[in-house]
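Please read all numbers here as calculations on a predicted model, not as lab measurements. Hydrogens, waters and symmetry mates are skipped; everything else that's a heavy atom, side chains included, is used. Counting from 1, the numbers follow the sequence of the chain as shown.
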Amino acid sequence: MAVRLNAINFQSPRCHSFALPAIASLRSPKASTLHSGSKDVETVKKTFSPPRRIHVQVTHSMAPQKIEIFKAMEDWAENSILVHLKPIEKCWQPQDFLPDPASEEFHDQVKELRERTKEIPDDYFVVLVGDMITEEALPTYQTWINSFDGVRDETGASTTSWANWTRAWTAEENRHGDLLNKYLYLSGRVNMNQIEKSIQYLIGLGMDLRTENNPYLGFIYTSFRERAAFISLGNTAKLVREHGDFKLAQICSTIAADEKRHETAYTKIVEKLFEIDPDGTVLAFADMMKKKISMPAHLMYDGHDENLFDHFSAVAQRLGVYTAKDYADILEHLVKRWKVEKLTGLSAEGQKARDYVCGLPLKIRRLEKRAQTWSKQAARIPFSWIYDREVHHGIGQIDNKKEIVF
């Protein structure tokens, strides 16, 4: 699930560019598109966490009668979504890619791993660590999906198709963080104590995605996110392969293949929603894109750098791991995949929402051209994950000291 999904942002990195619907807590997906421009946020300070700005959350925005849509989709989900899971006995496991601790050659295998990673630059490790930390916050993501009205696992062991999917998806995703964590640990190139603190901070801080317990918004978000993870990890695989670590490249490619399967499942869910409720679904799509698709780990913190996520994201942008172009490409892909341009019979608001999402990729591409200019003006930023060594983070100042952050 690890991806750099921060929005294109013309505000300070301290305040993420999400807009809060300042309205009542019970609304339909249609209503949720009406107030996306407001900016009600609050600064939260708890004894266990740093100050951070989050939105005053809207909750349970889906009209109660729409829950019946998801109940009616139960059999469809069993036949069309669960098929994208793999039987556990046929799944890869982290140990398949790691030195065998029971082998007499274990120490030699670790030594070989460390030799391979010696040639990988520090900024690549920043991206890998950020990916791994994001994957390790999996408890937050399962909790988040289980907040969706109509599809949650009500008992923790529910036999519904939606609950089976969520638990099995979580189990498949869990291997990603385990594998990257162990590989980075064995490399000797990173500060595991700081990384472990960052994981604990992130799980404690949660995330602020503004999906409103609404599966329309949530499944649109996951469709975007899983494709972004697939692209990001694929690009990372190419980069580490160029520096000679073919095993790490294989690891990234293998995880990317999982993300691709998961993307297929989530996009099929939204495709079905477009078939059943095109007006409500296109309004939710526009609402989610106005809020911007933000990385699940946008509240990451290491105990030192309150702008850690922005610095990490900028390194990924500069390296070409995940960029504004990728953001636009994903949106364009989803618009085409869901045949949004061809939607008919919409309400006036639905037509407006359709036109908005169809025109958005072009606007993002224009911003991406500007990003190519400022990303070359790279400052150097220390990262505690690599023992405070400095790397170019790629954020340049433009337009009255405002920054673009991806």
Side-chain angles (χ1 to χ4, degrees), residues 1-10 13 16-18 123-124 126-132 134-135 176 209 220-242 249 252-253 255-264 266-267 270 285 288-298 300 309-338 340 357-376 378 392-396 403-406:
M1 180 186 290
V3 288
R4 282 142 299 283
L5 293 181
N6 197 23
I8 297 176
N9 182 359
F10 286 96
H16 298 284
S17 64
F18 304 151
D123 45 5
Y124 290 39
V126 168
V127 171
L128 286 163
V129 170
D131 282 349
M132 181 265 281
T134 304
E135 298 281 2
H176 302 171
L209 302 181
I220 288 165
Y221 177 91
T222 50
S223 298
F224 195 109
R225 180 197 63 201
E226 297 286 47
R227 184 166 183 83
F230 164 69
I231 291 170
S232 173
L233 285 159
N235 288 336
T236 302
K238 293 176 185 176
L239 291 173
V240 296
R241 187 180 296 112
E242 291 173 1
C252 292
S253 296
I255 296 174
D258 273 3
E259 307 291 9
K260 181 63 175 174
R261 272 192 301 111
H262 298 161
E263 175 210 339
T264 300
Y266 284 121
T267 55
V270 179
F285 192 11
M288 199 70 252
M289 296 314 301
K290 287 176 182 177
K291 292 170 180 175
K292 316 293 192 303
I293 301 293
S294 180
M295 181 180 178
H298 63 272
M300 66 168 54
F309 170 67
D310 298 309
H311 295 153
F312 154 64
S313 298
V315 172
Q317 160 73 17
R318 180 177 58 81
L319 291 177
V321 170
Y322 185 77
T323 68
K325 180 181 182 302
D326 295 318
Y327 191 100
D329 287 347
I330 293 168
L331 177 54
E332 200 167 60
H333 168 81
L334 292 176
V335 167
K336 183 177 180 181
R337 173 74 172 77
W338 294 327
V340 178
V357 294
C358 290
L360 190 56
L362 179 59
K363 294 179 181 179
I364 296 171
R365 294 191 194 286
R366 288 171 181 165
L367 292 175
E368 192 262 340
K369 291 181 180 178
R370 298 176 69 191
Q372 290 176 353
T373 300
W374 61 254
S375 64
K376 297 175 183 177
H392 290 298
H393 80 333
I395 292 180
E403 297 172 344
I404 304 176
V405 179
F406 299 94

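- No hydrogens or angles considered: a donor-acceptor pair under 3.5 Å links the side chains of Thr323 and Asp326.
- In this structure the side chain of Tyr322 never reaches within 4.5 angstrom of the side chain of Val127, judged on heavy atoms.
- Between Tyr266 and Phe224, the distance separating the two ring centers is not shorter than 6.0 angstrom.
- The distance from the CG atom of Leu319 to the CG atom of Asp123 is 4.5 Å, given to the nearest 0.5 Å.
- With contacts defined as side-chain heavy-atom distances shorter than 4.5 Å, the pair Thr267/Trp338 qualifies.
- Contact annotation: the side chain of Pro296 approaches that of Tyr221 to within less than 4.5 Å [non-hydrogen atoms, C-beta and beyond].
- Using a distance-only test at 3.5 Å, with no hydrogens or angles considered, a donor-acceptor pair links the side chain of Arg318 to the main chain of His392.
- Residues passing the side-chain hydrogen bond (donor to acceptor under 3.5 Å, both in side chains) test with Asp329 are Lys325, Arg365, sequence neighbours excluded.
- Counting only heavy atoms from C-beta outward, the side chains of Ser253 and Arg241 approach each other to under 4.5 Å.
- Looking at Val270 and Arg337, their side chains never come closer than 4.5 Å, going by heavy atoms from C-beta outward.
- Residues passing the side chain to side chain contact (heavy atoms under 4.5 Å, CB included) test with Asp258, sequence neighbours excluded: Trp92, Arg175, His176, Arg261, His262.
- The nearest pair of heavy atoms linking Val321 to Asn235 is O-ND2, 3.0 Å.
- A distance of 6.0 Å separates CG of Leu233 from CD of Glu259, quoted to the nearest 0.5 Å.
- Partners of Lys336 by side chain to side chain contact (heavy atoms under 4.5 Å, CB included), not counting sequence neighbours: none found.
- Two residues are said to be in side-chain contact when any heavy atoms from C-beta on lie closer than 4.5 Å; Leu209 and Lys291 fail this criterion.
- Looking only at side-chain heavy atoms (C-beta outward), Glu263 and His333 come within less than 4.5 Å of each other.
- For the pair Lys260 and Arg227, the minimum side-chain heavy-atom distance is below 4.5 Å.
- To the nearest 0.5 angstrom, Met289 atom CE is 8.0 Å from Leu334 atom CG.
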